[in-house]
Amino acid sequence: MVRPGKVKNSAKPATRAVWAGEKKNFWERSTQVPVALGVSFAYADVDEWLSVAQGKSAGHIYSRNTNPTVAVFEEKIRDLESAEAATSFASGMAAISNTLFTLLSPGDRIVSIKDTYGGTNKIFVEFLPRFGIHVALCDTNDHDEIESEIGKGCDVVYLETPTNPTVKVVDIARLAAAAHRQGAIVVVDNTFATPINQLPVQLGADLAIHSATKFLGGHADALGGVVCGKADLIAKIYHFREITGACLDPMAAYLLLRGMKTLHLRIAQQNKSALKLAQFLESHPRVTQVFYPGLKSHDHFDIARKQMRGFGGVLSFAIEGGFKAVKSFLPRLRYAHLAANLGAVETVAGPPATTSHVESSRQEREAAGIPEALIRYSVGIEDTEDLIADLNQALDQGFAVPRRNKKVS
Ligand SMILES: *Cc1c(COP(=O)(O)O)cnc(C)c1O
């Protein structure tokens, strides 16, 4: 007998993305997961109700705790991340903040990197210290420093790789081993890589976190977050979340599920395009810097090659002329939304000052080594050659005018 919602252990990611969590007996034999908008679930028998409420039998009580549509989303990502359990949230930041506040208590110490997502960084510098939690933020490029901070003793090691927006890569296996020697819990934000490109739990992490808003959903029309990993940790995080109420909405869960069925196709195309675009940009005379972990010139190419199956759909690059040039370059892109998002089917571009690091000051961005003339470019699923031509025309046009002017004067 085939168990509904389960895929074979040998199934490949493409099959898992389509079938994990899916059942053959949804409501009224619907092949697609119904959106269960009901806030509560009714029982004719009080004993049965009690048994579900006490967690002794399967079922749902109230949608802030669990919901059938949300449960299918959690099962699909749990399976793709090859984790024991998963619990979901209203957004990526809800997943990150609820996880950190579940795991940490006053007096505890967390070690992380300077290059985490802007909102995550705010939790480290603004909120955790208020609760008496010690935070050590290390140079993302310096694995020796990170290891030495971990070696001083800590309760949580929080990593993100590749990072936002300069796509630095940290060695998950190496740092997880160092963390486990201290008895610390290892959390990895896997948003940029997705489980198609990187499996943090298999590399030694205890928990993998996602902003499902990005690649998992893939269509920029639903916010969501999820944490996958060890069942005992997920149970604690779930308990915290059912009380804080940062639950995923069933309609958003449906949209994310729908998007996830094409995850493997989108990521394959985005991996392929991003590498070609990065190579093109690297060869362009007006481009001063290109950051992409799939480039041989990338500082962490060897680590990326070791722990990733593909290098992801996000790259960043700096152009000649500073922030002024960025402001005139971006609107010339025909095939890119200028927006604070990434991981969508459409290409999305923007400077860190209005995207990943909108919460940070100019000084904080400088300290994090983010050039003001940087452009974060999240490659969509458009044709690769069309995107290259688009970048090419935007770069050429922008600089043609001042060059001609120079000749005339
Ligand atoms: C967007 C993002 C987040 C935050 O997710 P939201 O869904 O916007 O709350 C966290 N981490 C990374 C790497 C992100 O890109």
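Just so you know, ligand 1 is whichever comes first in the structure, and atom 1 is the first atom listed for that ligand. We use all heavy atoms of the structure for the numbers below, so side chains are in, but hydrogens, waters and symmetry mates are not. These numbers were taken from a predicted model, which means no experiment stands behind them.
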Of Ser97, Gly92, Gly217, Gly224, the one whose closest heavy atom lies nearest atom 6 (P) of ligand 1 is Gly92
Taking the ring of Phe73 and the ring of Tyr254, is the distance between their centroids below 6.0 Å? no
Taking the six-membered ring for Trp and the full ring for Phe, Tyr or His, determine whether the centres of Phe124 and Tyr158 are under 6.0 Å apart. yes
In terms of residue, atom name and distance, what is the protein heavy atom nearest to atom 1 (C) of ligand 1? Lys214 NZ, 1.3 Å
Protein heavy atom at shortest distance from atom 12 (C) of ligand 1: Asp189 OD2, 3.5 Å
Considering only non-hydrogen protein atoms, determine which one is nearest to atom 5 (O) of ligand 1 and report residue, atom name and distance to 0.1 Å. Ser211 OG, 2.9 Å
Begin with the C-alpha distance, continue with both residues' side-chain angles, and end with the deciding distance and a verdict on side-chain contact (heavy atoms from CB on, under 4.5 Å) for Thr213 and Leu256. CA-CA 8 Å; Thr213 314; Leu256 296 171; over 6 Å; no
With respect to Leu342, determine whether any N or O atom, backbone or side chain, lies less than 3.5 Å from an N or O atom of ligand 1. no
Which residue owns the protein heavy atom closest to atom 9 (O) of ligand 1, what's the atom, and how far is it? Met93 N, 2.8 Å
Consider only side-chain N and O atoms of His60 and Thr66, and report whether a donor and an acceptor are under 3.5 Å apart. yes
Is the closest basic N to carboxylate O distance between Arg286 and Glu320 below 4.0 Å? yes
Provide the number and element of each atom of ligand 1 under 4.0 Å from a heavy atom of Asn164. 15 (O)
Nearest protein heavy atom to atom 4 (C) of ligand 1, by residue and atom, and its distance? Tyr117 CE2, 3.5 Å
Heavy-atom contacts under 4.0 Å between Ile96 and ligand 1: side chain, backbone, both, or neither? side chain
Salt-bridge test for Arg334 and Asp390: reply yes if a basic N is under 4.0 Å from a carboxylate O, no otherwise. no
Does Asp115 pair with Lys168 as a salt bridge, N-O distance under 4.0 Å? yes
Going by the atom numbers of ligand 1, which of them fall below 4.0 Å from some non-hydrogen atom of Glu160? 13 (C)
